[in-house]
Amino acid sequence: MKYKSNYERYKAIGTIEIDAKQKLEICEMLGDELLEQSEKLNRLRTIAGFNQSEFAEILSVTQSAVSQWEKGTKKPSAEILIYLTDLYETDIKEFLTAFGFTFANR
């Protein structure tokens, strides 16, 4: 079935569709150390075509929370970031590193 938007797709089957060009854009954006975390969150949302309210509903948070993340006044929890790695099908270590988490080598 063809969906008009990623939001409709998510509501129907619980996944979003990211094409190869968008996937590359996400990878490049995550690796850009000059981008603020708030800008990265904004780009993740807009790449998938979500408005703040849709993104908030998908993440089970308020639209105000998304707005605060994108303004840089608050940060999403690690739980939200981990969920986003699944939603966008990205490498969890790369994704969390882009948002300031560090990992010990073992």
Side-chain angles (χ1 to χ4, degrees):
M1 176 175 212
K2 185 73 175 160
Y3 299 96
K4 293 181 183 178
S5 69
N6 261 330
Y7 179 70
E8 284 185 8
R9 180 185 173 94
Y10 183 83
K11 294 290 284 182
I13 61 175
T15 65
I16 63 173
E17 186 173 62
I18 302 294
D19 64 27
K21 182 179 176 184
Q22 291 168 315
K23 189 79 163 170
L24 180 60
E25 185 178 351
I26 290 169
C27 289
E28 289 174 350
M29 180 266 304
L30 289 175
D32 187 342
E33 295 178 7
L34 298 177
L35 277 180
E36 296 289 328
Q37 292 177 13
S38 57
E39 179 63 22
K40 290 179 182 182
L41 287 165
N42 175 274
R43 288 194 184 175
L44 280 171
R45 177 179 62 76
T46 57
I47 286 169
F50 298 126
N51 64 40
Q52 285 185 343
S53 295
E54 292 167 343
F55 203 52
E57 184 179 333
I58 288 167
L59 298 174
S60 298
V61 299
T62 64
Q63 186 271 328
S64 176
V66 173
S67 177
Q68 290 171 339
W69 300 340
E70 292 183 1
K71 290 178 184 173
T73 56
K74 291 198 175 181
K75 294 185 179 190
S77 67
E79 180 181 4
I80 293 291
L81 294 175
I82 290 168
Y83 180 73
L84 288 172
T85 65
D86 187 45
L87 185 66
Y88 285 88
E89 299 179 355
T90 58
D91 178 77
I92 191 166
K93 187 173 180 180
E94 176 186 7
F95 194 92
L96 293 178
T97 300
F99 286 92
F101 288 83
T102 57
F103 299 87
N105 291 330
R106 295 183 189 229

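Note that the coordinates shown come from a computational prediction; the quantities given were computed from them, not determined experimentally.
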Within the structure provided, determine whether Thr90 and Leu84 are in side-chain contact (heavy-atom separation under 4.5 Å).
no

Report the distance from atom [atom1] of [X] to atom [atom2] of [Y], rounding to the nearest 0.5 Å.
{"X": "Ile16", "Y": "Ile58", "atom1": "CD1", "atom2": "CD1", "value": "7.0 Å"}
{"X": "Glu25", "Y": "Asp19", "atom1": "CD", "atom2": "CG", "value": "9.5 Å"}
{"X": "Lys23", "Y": "Tyr88", "atom1": "NZ", "atom2": "OH", "value": "11.0 Å"}
{"X": "Ile92", "Y": "Thr97", "atom1": "CD1", "atom2": "OG1", "value": "10.0 Å"}
{"X": "Thr46", "Y": "Leu41", "atom1": "OG1", "atom2": "CG", "value": "10.5 Å"}
{"X": "Cys27", "Y": "Asp91", "atom1": "SG", "atom2": "CG", "value": "9.0 Å"}

Taking all non-hydrogen atoms of both residues, which atom of [X] and which atom of [Y] are closest, and how far apart?
{"X": "Gly72", "Y": "Ser38", "answer": "N-CB, 3.7 Å"}
{"X": "Ile47", "Y": "Gln22", "answer": "O-NE2, 3.0 Å"}
{"X": "Val66", "Y": "Arg45", "answer": "CG1-CD, 4.3 Å"}
{"X": "Ile26", "Y": "Ile18", "answer": "CD1-CG2, 4.1 Å"}
{"X": "Leu30", "Y": "Phe99", "answer": "CD2-CE1, 4.0 Å"}
{"X": "Tyr3", "Y": "Ala12", "answer": "CE2-CB, 3.4 Å"}

As a quick check of understanding, evaluate side-chain contact (heavy atoms from CB on, under 4.5 Å) for Leu44 and Met29, giving each step before the final call.
CA-CA 9 Å; Leu44 280 171; Met29 180 266 304; 3.7 Å; yes

Less than 3.5 Å apart, which donor and acceptor atoms pair up between the side chains of residues 50-57 and the rest of the protein, not counting sequence neighbours?
| residue | atom | partner | partner atom | Å |
| --- | --- | --- | --- | --- |
| Asn51 | OD1 | Ser53 | N | 3.0 |
| Asn51 | OD1 | Glu54 | N | 2.8 |
| Gln52 | OE1 | Gln63 | NE2 | 2.4 |
| Gln52 | NE2 | Glu70 | OE1 | 2.8 |
| Glu54 | OE1 | Asn51 | N | 3.1 |
| Glu57 | OE1 | Tyr7 | OH | 2.6 |
| Glu57 | OE2 | Tyr7 | OH | 3.2 |
| Glu57 | OE2 | Lys11 | NZ | 2.5 |

Could you tell me which residues satisfy salt bridge (Lys or Arg N to Asp or Glu O under 4.0 Å) with Lys71, sequence neighbours excluded, listed by chain and number?
none

How about Glu36: does its CD atom have over 12 heavy atoms from other parts shown lying under 6.0 Å from it?
no

Examine distances only and state if a side-chain atom of Glu39 and a backbone atom of Leu35 form a donor-acceptor pair shorter than 3.5 Å.
no

Judged by atom type as modelled, is there a donor-acceptor pair below 3.5 Å linking the side chain of Gln68 to the main-chain atoms of Lys74?
no

